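Have a look at the structure below before the remarks.
The model shown is predicted, which means the values in this text are computed figures rather than measured ones. Only heavy atoms go into these numbers, but all of them, side chains included; no hydrogens, no water, no symmetry mates. Here is how names work: the chains are called A, B, and so on, in the same order as the sequence lines, proteins then strands, and each is numbered from 1.
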Number of protein chains: 2
Amino acid sequence: MKLDLDRIDVRILQELQQDSSLTNQELADRVGLSPSPCLRRVKALEESGIIDRKVTLLKRSELGLKLTAFVQISMDRHTPDRFSVFEEKVNSFPEVRSCNLVTGQNCDYLVEVVVEDMEKYHDFLLGQLTRIPGVSGVQSSFLLRSVKENTSLPLGHLM
Amino acid sequence: MKLDLDRIDVRILQELQQDSSLTNQELADRVGLSPSPCLRRVKALEESGIIDRKVTLLKRSELGLKLTAFVQISMDRHTPDRFSVFEEKVNSFPEVRSCNLVTGQNCDYLVEVVVEDMEKYHDFLLGQLTRIPGVSGVQSSFLLRSVKENTSLPLGHLM
DNA sequence: GAGTGTTTTGGAATAATATTGCTAAAATAA
DNA sequence: TTATTTTAGCAATATTATTCCAAAACACTC
């Protein structure tokens, strides 16, 4: 949060958030610039750290990943040791897409898990997640329908 | 879920999930192929629909987006009309990163909201979210620390 | 309001990379 | 083994990114 962005920078970020496979020429057209200054801005945004990285998103349904679970996890004690062990474990599980430590009375962590089916989820839950020391409460909700899935961040406040 | 993938395809997908800015040559090196067959496989994966799209991820902290909220939303009645109005609205809010209809006794929707600060969240909640007809219950948890944020899907089951 | 320094742009030349067609090799099946 | 199919690798071509330099826009001073 240091460099100031003008309208063109914000539009570049908006376009790239939606589609990073744009060529520099297409991007330049869309933001109303010629290729060279456009590329220079993109590089500057990468240098500045505003742009984190570029990734490819795959389709779950095409990969046989039919079950997504949202898991609320409570810990028995809130000690640094408990947390660090849990977090290390969670990071090593490819089934875990996201894990967030949150405020709230109900739970400590919100975890999103993607697996093939309910049987695999059962195995993961009992074989992996609940085996982590300190995990005292687990409550699962299952995805019925994805209404919105958006990797974009809001940029309206910059303009 | 139709085409069969061999080990090389899976490795290509794994690499691209992590970093889509790889050049085809680099990718070919990593998976042990020469550039042309590698590119052909990538194109085939795009054609097949397994690859959804490529996006650029930005850093929240660098954009002054200091508050992430996980919101549990309950609806008064479970009618198609209630749902479609809610979902249309939610899709129009840039602050909403994801919205999922889920099973569970506690709530109907899990929504992730990204804003600048608590004041902006307050405005969004009272001015937008709770104004949608049918929204009867709202419970917010706030992000304390992001432990894992991974756009990759697990592919281990394919091998 | 003209002049000066700074920043940003656009165009052209160059370099890197993607893309395609073709041939050979490898894998598969009979 | 042999025929058939699939896949890889090479080389030529096309596309795209990158760099450099002169011109334009902008801000600031006097």
Side-chain angles (χ1 to χ4, degrees), chain A residues 1-59 62-64 151-153 155-159, chain B residues 1-59 62-64 151-153 155-159:
Chain A
M1 192 61 182
K2 35 201 74 159
L3 272 171
D4 56 331
L5 307 174
D6 63 14
R7 248 142 254 135
I8 296 178
D9 288 318
V10 173
R11 290 192 50 197
I12 287 174
L13 291 176
Q14 282 172 336
E15 293 290 343
L16 290 181
Q17 280 197 116
Q18 292 296 126
D19 183 3
S20 69
S21 70
L22 281 176
T23 68
N24 184 52
Q25 296 179 357
E26 267 176 25
L27 180 61
D29 283 347
R30 294 195 189 186
V31 303
L33 231 53
S34 73
S36 33
C38 181
L39 184 66
R40 225 162 320 157
R41 280 167 182 263
V42 172
K43 294 291 171 191
L45 290 166
E46 284 168 354
E47 288 299 313
S48 76
I50 290 174
I51 288 179
D52 185 15
R53 63 192 207 276
K54 300 184 175 189
V55 299
T56 302
L57 303 181
L58 308 184
K59 277 222 198 76
E62 299 293 318
L63 293 165
T151 55
S152 297
L153 296 173
L155 302 179
H157 64 293
L158 299 174
M159 317 213 296
Chain B
M1 192 61 182
K2 35 200 74 160
L3 271 170
D4 55 332
L5 307 173
D6 64 12
R7 247 143 252 134
I8 296 179
D9 289 317
V10 173
R11 291 193 50 197
I12 287 175
L13 291 175
Q14 282 172 336
E15 293 290 342
L16 290 181
Q17 279 197 116
Q18 293 296 124
D19 182 4
S20 69
S21 70
L22 281 175
T23 68
N24 184 51
Q25 297 180 357
E26 267 176 25
L27 180 62
D29 283 348
R30 295 195 188 186
V31 303
L33 232 53
S34 72
S36 34
C38 181
L39 184 66
R40 236 168 319 203
R41 279 166 182 263
V42 172
K43 294 291 171 190
L45 291 167
E46 284 168 355
E47 287 299 313
S48 77
I50 291 175
I51 289 180
D52 185 16
R53 63 191 208 277
K54 300 183 174 188
V55 299
T56 302
L57 303 180
L58 308 183
K59 277 222 198 76
E62 299 293 318
L63 292 166
T151 55
S152 297
L153 296 174
L155 302 179
H157 64 292
L158 299 174
M159 315 212 299

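Remark: side-chain polar atoms of B:Asn24 are paired, donor with acceptor, to backbone N or O of B:Pro35 under 3.5 angstrom.
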Per-nucleotide protein contact along nucleotides 8-25 of chain C, 5' to 3', at a 4.0 Å heavy-atom cut-off (B base, S sugar-phosphate only, - neither), is -BBB-----SSBB-B---

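In terms of heavy atoms, A:Glu26 sits closest to A:Leu22 at OE1-CD2, 2.9 Å. Residues B:Val10 and B:Met159 approach most closely at CG1-SD, 3.5 Å, considering heavy atoms. Here the closest non-hydrogen pair linking A:Leu153 and B:Leu58 is CD1-O, 3.7 Å. Of all the heavy atoms in B:Ser21 and B:Asp19, the pair that sits closest is OG-OD1, 2.6 Å. Heavy atoms only, all atoms of each residue included: A:Lys54 and A:Ser20 are closest at CD-CB, 4.2 Å. Between B:Gln18 and A:Arg53, the shortest heavy-atom distance links the atoms O-NE, 4.2 Å.
When the C1' atoms of four end pairs are superposed on the next four at each end of the helix from C:dG1-D:dC30 to C:dA30-D:dT1, using five pairs per end, the two resulting axes differ in direction by 40°, to 10°.
Scored by the side-chain contact (heavy atoms from CB on, under 4.5 Å) test, B:Arg11 finds B:Gln14, B:Val31 as partners (sequence neighbours excluded).
Between B:Arg7 atom CZ and C:dA27 atom P there is a gap of 13 Å when expressed in whole angstrom units.
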